[in-house]
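Read through the structure below, which is laid out as C-alpha cells, and then see the notes.
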There are 2 protein chains.
Amino acid sequence: MITASVENYLKAVYYLQEESGDVSTSKLSELLKIRPASVTGMIKKMAGINLLVYQPYRTIKLTAKGRREALKILRRHRLIESFLVEIMGLPWNRVHQEAEKWEHVVSDDVVERMAQLLGNPKHDPHGAPIPNKHGAVTPSKNISLAEFPVAVDGIIAEVDDKNAELLRYLAQNGIRPGVRLRIISVEAAGGVMTITVAGKKRILSEKAAHKVYISPRVGKQP
Amino acid sequence: MITASVENYLKAVYYLQEESGDVSTSKLSELLKIRPASVTGMIKKMAGINLLVYQPYRTIKLTAKGRREALKILRRHRLIESFLVEIMGLPWNRVHQEAEKWEHVVSDDVVERMAQLLGNPKHDPHGAPIPNKHGAVTPSKNISLAEFPVAVDGIIAEVDDKNAELLRYLAQNGIRPGVRLRIISVEAAGGVMTITVAGKKRILSEKAAHKVYISPRVGKQP
DNA sequence: TCAAATGTTTAGGTAAGACTAACATATTAA
DNA sequence: TTAATATGTTAGTCTTACCTAAACATTTGA
Ligand SMILES: [Mn+2]
Ligand SMILES: [Mn+2]
Ligand SMILES: [Mn+2]
Ligand SMILES: [Mn+2]
C-alpha cells in the first residue's frame with residue numbers, strides 16, 4: 001500500500017534522481033533523517049510493490065509507476081500550496097508544512113478541482129514547476145544565486161520553501177520569483193553578498209543565496 | 001496523544017451523549033463498527049488522558065476537556081464541509097467523506113481562515129449546527145420526518161450526511177435545508193409517504209424519512 | 001590490496017489499535 | 001429472589017507499519 005511514508009520516500013527518491021542522477025541509501029538516509037538500515041528496508045518494500053528497481057549494493061531507480069506516483073504527489077503538494085496562497089490567502093512561508101500534511105489525504109478529484117480554480121498554474125508560490133495531470137514536468141535548470149555571476153541581471157525563478165523563517169525574510173526583502181536581481185559584490189570572507197532587488201540594495205548571506213535560484217535565460221534587458 | 005482514531009471516538013461519544021444521554025460500550029461498538037473489547041480498551045486510554053470519565057461497567061461521560069475537543073473536531077468537520085461546497089463547489093453528497101479525512105490534518109488557524117472566508121456560517125451544507133470558536137453550539141431539536149404529523153407545513157432543517165447515495169437522491173428531489181415540506185399521506189404498510197416539496201409531489205421511503213429532519217418551530221404560514 | 005565508506009541483514013523494539021475467548025457484572029423477567 | 005440474558009471487561013494475541021543498533025558484506029579508491 002502507498003502510505004504517507006511511502007509517498008514521502010517517493011518524493012525524496014525523485015528529488016535525488018533529478019538533483020544528481022543517482023540515488024543511494026545514504027543520501028536518502030540523510031535527506032529523510034532516517035537510519036540507513038531503515039531506508040534499505042523501505043526501499044525493499046517499495047521495490048516489492050514495483051515503485052522502484054533496486055539491486056543490493058547498487059542503484060535505486062524509480063520505475064515508470066514509481067515516477068508517476070512521485071509526480072502525482074509533487075503535483076498535489078504544489079497545487080495545494082498554490083491553493084493555500086491564492087485562494088485561502090495564507091502567507092507563502094506557512095504553506096509548505098500545511099501541504100506536507102494535506103498531500104496525503106486530499107482526493108484526486110479535489111486536487112483537480114483546485115487546479116481548475118487556480119487556472120492550472122504552471123508554478124507553485126515558490127516558483128517550483130507543477131507537473132501536469134499526466135505527470136509531465138519541465139525540470140527547472142535554474143542557477144543558484146550562490147553561483148550566479150556578479151554584475152549580471154537575473155530573474156528570480158525559485159526559492160527553497162522548506163525554511164519558513166528564511167521565506168519570511170526573503171518576502172520582507174522583496175526576494176520572490178519573477179523579480180529582477182543583480183549581484184553587486186561578493187564578500188567571500190564574510191560569507192555575504194550585496195545585491196539589488198527591485199532597485200534596492202540588500203545584504204544576503206551565502207547560506208541564503210544557496211536557497212535562491214535564478215532563471216537560466218540570462219536576462220539582459222535594461 | 002489525540003490521534004485520528006481518538007478524534008473519531010470523541011465525535012462518536014459526543015454524538016451518543018447528545019442523542020440519548022447515556023453512552024455505553026455497546027452503542028459505541030455498534031456505531032463505530034469496532035468490537036466491544038476494543039472499545040473498552042480505547043475508552044480506558046481516553047480516560048487516562050482526561051478526555052472522559054468512566055467507571056467499569058458504568059457510564060461513559062466526556063470531561064470538560066473531552067467535550068471541548070469533540071466540539072472542536074465537529075467544528076472542523078462542518079466548516080470543512082461548508083468550505084468544500086461553498087468555496088470549492090463540490091456537490092454536497094461528496095463532502096462528508098472528504099471532510100472525514102481533512103478534519104484530522106487541517107491546522108487550527110487554517111480552519112479559522114475557512115470560517116472567515118465563509119463568513120462564520122452557523123450551519124453546514126446538511127443543516128447541522130457549527131460549534132463556534134469557543135465550543136458553544138445550539139443543539140438542534142429537530143423532528144424526524146418519520147415522526148412529523150400529516151398535513152402540517154414544516155421547514156426542512158437538516159438531512160443526514162453519511163449516505164452519499166441518499167443525498168444525491170434528496171438533492172435531485174429538492175429536499176434540502178430551508179425548503180418547505182408537507183406530508184400528504186403515509187402508507188405505513190408500504191413503508192412510504194407522499195409529500196409535497198416546493199409544490200411538487202414526491203414519494204419518500206420510511207427509511208429516507210428517518211434521515212430528514214424538520215424544524216421544531218411549526219411553520220404555519222401559507 | 002586493503003582500509004574506509006557504504007550498504008545490508010538480523011534481531012528486536014515501538015506505537016497504535018484491533019480481535020477472540022474467557023470471565024465478570026448488571027439487568028430483566030420468572 | 002433467583003437465574004438467565006445482556007452487557008462489559010480482561011487477558012492474551014495479532015497486525016500494520018514503521019524504526020533502530022549491531023554485526024556483517026560489499027564496494028571504492030588511495
Ligand atoms: Mn513545498
Ligand atoms: Mn508529506
Ligand atoms: Mn459530515
Ligand atoms: Mn474522521
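Order of the sequence lines fixes the chain letters, A, B, ..., with proteins taken first and strands second; residue numbering starts at 1 for each chain.
- Applying the ring pair (Phe, Tyr, Trp, His ring centres under 6.0 Å) rule to pairs touching residues 12-70 of chain A yields nothing, sequence neighbours excluded.
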Please tabulate, for the side chains in residues 129-137 of chain B, all donor-acceptor contacts under 3.5 angstrom to protein atoms that are two or more places apart in sequence or on a different chain.
{"residue": "B/N132", "atom": "OD1", "partner": "B/H134", "partner atom": "N", "Å": "2.8"}
{"residue": "B/N132", "atom": "OD1", "partner": "B/G135", "partner atom": "N", "Å": "3.0"}
{"residue": "B/N132", "atom": "OD1", "partner": "B/A136", "partner atom": "N", "Å": "3.0"}

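- Using a 4.0 Å cutoff to heavy atoms of chain A, the contacted part of DNA chain C runs 5' to 3' from C/dG7 to C/dT9.
- Residues forming a salt bridge (charged side-chain N to carboxylate O under 4.0 Å, His left out) with A/E103 (at least two apart in sequence, or on another chain): A/K11.
- Among residues two or more places apart in sequence or in another chain, the salt bridge (charged side-chain N to carboxylate O under 4.0 Å, His left out) test is passed with B/E165 by B/R168.
- Within a heavy-atom distance below 4.0 Å of DNA chain C, no residue of residues 7-21 of chain A is found.
- Annotation: side chain to side chain donor-acceptor pair (under 3.5 Å) contacts of A/R113 (sequence neighbours excluded): A/Q116.
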Distance-only criterion, 3.5 Å: show the donor-acceptor pairs between side-chain atoms of residues 30-39 of chain A and protein atoms not counting sequence neighbours.
{"residue": "A/K33", "atom": "NZ", "partner": "A/E30", "partner atom": "O", "Å": "3.4"}

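- Within the structure, no pair that satisfies the salt bridge (charged side-chain N to carboxylate O under 4.0 Å, His left out) test touches residues 203-215 of chain B, not counting sequence neighbours.
- Screening residues 86-124 of chain B for ring pair (Phe, Tyr, Trp, His ring centres under 6.0 Å), with sequence neighbours left out, gives A/W102-B/W102, B/H77-B/H96, B/W92-B/H126.
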Scan nucleotides 20-24 of chain D against the protein and return all N/O pairs shorter than 3.5 Å with their distances rounded to 0.1 Å.
{"residue": "D/dT20", "atom": "OP2", "partner": "A/R35", "partner atom": "N", "Å": "3.0"}
{"residue": "D/dT20", "atom": "OP2", "partner": "A/S38", "partner atom": "OG", "Å": "3.0"}
{"residue": "D/dA21", "atom": "OP2", "partner": "A/R35", "partner atom": "NE", "Å": "3.4"}

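- Contacts classified as salt bridge (charged side-chain N to carboxylate O under 4.0 Å, His left out) and involving residues 49-64 of chain A (residues at least two apart or in different chains) are not found.
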